[in-house]
Protein chains: 2
Amino acid sequence: MNADSIVINEVGPRDGLQSQDRHLSVEERQRLIEALVDCGIAHIEAGSFVSPKAVPQMAGTGQLFAQLPEAVRPLLSALVPNMKGYELACKAGAQTVAVVVSATETMNQKNIGKSLDDTLAMARDIISRGHNEGVRVQAYLSVAFECPFEGLVAPATIERQAESLAAWGADEIVIADTIGAADPGAVRRLMDSLAANIGPERLACHFHDTRALGLANVYAAIESGVRRFDSSIGGLGGCPFAPGAKGNVATEDVVMLCERLGFITGIKMPALLQAVSLASELTGHPQGGRAHYWLTNNAA
Amino acid sequence: MNADSIVINEVGPRDGLQSQDRHLSVEERQRLIEALVDCGIAHIEAGSFVSPKAVPQMAGTGQLFAQLPEAVRPLLSALVPNMKGYELACKAGAQTVAVVVSATETMNQKNIGKSLDDTLAMARDIISRGHNEGVRVQAYLSVAFECPFEGLVAPATIERQAESLAAWGADEIVIADTIGAADPGAVRRLMDSLAANIGPERLACHFHDTRALGLANVYAAIESGVRRFDSSIGGLGGCPFAPGAKGNVATEDVVMLCERLGFITGIKMPALLQAVSLASELTGHPQGGRAHYWLTNNAA
């Protein structure tokens, strides 16, 4: 990435699809990912290696990795909930894994039935092993602004946790507003502080658009120097375990914002809007942000 | 207003209702305005004195002003398209009027069938007369970022027009993104420049949420020092004469954003959400931004 680039990590095939009532087949998930690759998206969270009992939408992620063309493999990541998941992901050919630490004790208990300390220790072990084995590790801090169970999360908590993850060698630290409760002022303060302590190049942000503040929060993080963002095609998503969590900020809207601000994303908007249509077709629900207004008015 | 306050100018009863297919009676418009007053909103654009043939939704605005309680009068403004409208508004008891200059030649021609120079002269005359007669004048520069007919508008054009309006004595200069085409970078650049030249206290912004950037644009303008914003209850609105114009940024969402950023709006959120319900009932269409997620999760 150069100074004028913004890197999009497309999380629709994982964060997006895992909350859908319609469970896509491995072939349908493959079709969506291949369409996303065709848009020029550089990073795609393709699935997760979690228990199919807990998240049936993600069953068959190993098979999905096997079926995707070899050339696509370097673009893909997989979410792993523990060391067993890490091993399955590596076996399937994942070159990047995402590990999630919820910032609060209660969210860790509710999400994966572990204490915060245990989750942090698990993250440390996976980061360390990834480092030794040449696997890139994205470390997520979820509910980083507000927890649905414990309320507002103190910035000092996130700063401490992010510094630990950085010290352990995480390749990327993703600050995730899982329930879409952040505001741009809070984003600016936290990301300014993290950028000063850790450096902006290892930081990423993950926003949900629950309160219509998704793009305002992306803009605030860009102002803090963040150049990596998660987003989801058509705004697909939410978190089935976090009450109040709505869809992710839509990829096409983030691309529109970044390009309007003068950054290069490398993503082709017409192809992206076709991928939105495909996401609607596959999930059986109309999906989509609002970038099509921009394209429609500027295409002529 | 003090340094920590943000003033909301509620435009739902005018900008919002004028694009509805269902035409509200004067009594229904009165009911909506009284509900908005009960929320603690300090400024409300109650209607316009335009030809009822051009905008039938606004017919009877004189009667509406007459029926509203005397005590509410100082909170109200009316849009006036010309000197005749100004005189009707004053006769009806309006103490504030809004006059609109479209920033481009084509938009003036399409919107009111006048040249840009004629519209500017009309604005100058109304500002001057308002000044002499103790009537506050809000001068709008519409399509200030992009025109549906001429495309992007150069910031220098808006700077020149805004400086003229300021020199003529406009009490407030409202930079209006009529078709919702602004991005926060463009907002920041233009409003920084206008704040430096004119002073932030006479500036206001009016955003539409066409491309999901409404709140990002409000945030950017706040960063530039702007403390006055137009918004519309439930996001009601659009402009029937500007292709592609969708609803205004929702008042409840702007209030949520401002309060989260630490500003005082003086507006009571529960009453505001009741006013959203009333707007849905009266227009026959579901209205609403997304602030209810915030209230729901924070009311306990």
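Just so we're on the same page: letters track the sequence lines, and every chain starts at 1. No experiment lies behind these values; they were computed from the predicted model shown.
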Peer 1: Quick one, B:Arg188 with A:Tyr219, criterion side-chain contact (heavy atoms from CB on, under 4.5 Å). Give me CA distance, side-chain angles, the key distance, then yes/no.
Peer 2: CA-CA 11 Å; B:Arg188 191 68 201 275; A:Tyr219 173 68; 3.9 Å; yes
Peer 1: So which residue, A:Ala181, A:Gly151, A:Ala212, ends up with the most heavy-atom pairs under 4.5 Å with chain B?
Peer 2: A:Ala212
Peer 1: Kindly give the heavy-atom pair with the smallest separation between B:Arg211 and A:Leu215, and that separation in Å.
Peer 2: O-CD1, 4.0 Å
Peer 1: Only pairs under 3.5 Å count here: list side-chain donor-acceptor contacts from residues 269-282 of chain B, not counting sequence neighbours, and write none if there are none.
Peer 2:
from, atom 1, to, atom 2, distance (Å)
B:Ser277, OG, B:Leu273, O, 3.3
B:Ser280, OG, B:Val276, O, 3.2
B:Ser280, OG, B:Gln287, N, 2.9

Peer 1: Which residues pass the side-chain hydrogen bond (donor to acceptor under 3.5 Å, both in side chains) test with B:Asp38, not counting sequence neighbours?
Peer 2: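 With sequence neighbours excluded, B:Asp38 shows a side-chain hydrogen bond (donor to acceptor under 3.5 Å, both in side chains) to no residue whatsoever.
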Peer 1: Indicate the atoms forming the closest heavy-atom contact of B:Met256 with A:Leu213, along with that distance.
Peer 2: CE-CD1, 4.0 Å
Peer 1: With chain A, which of B:Gly185, B:Pro184, B:Gly262, B:Gly214 has the greatest number of heavy-atom pairs at distances under 4.5 Å?
Peer 2: B:Pro184
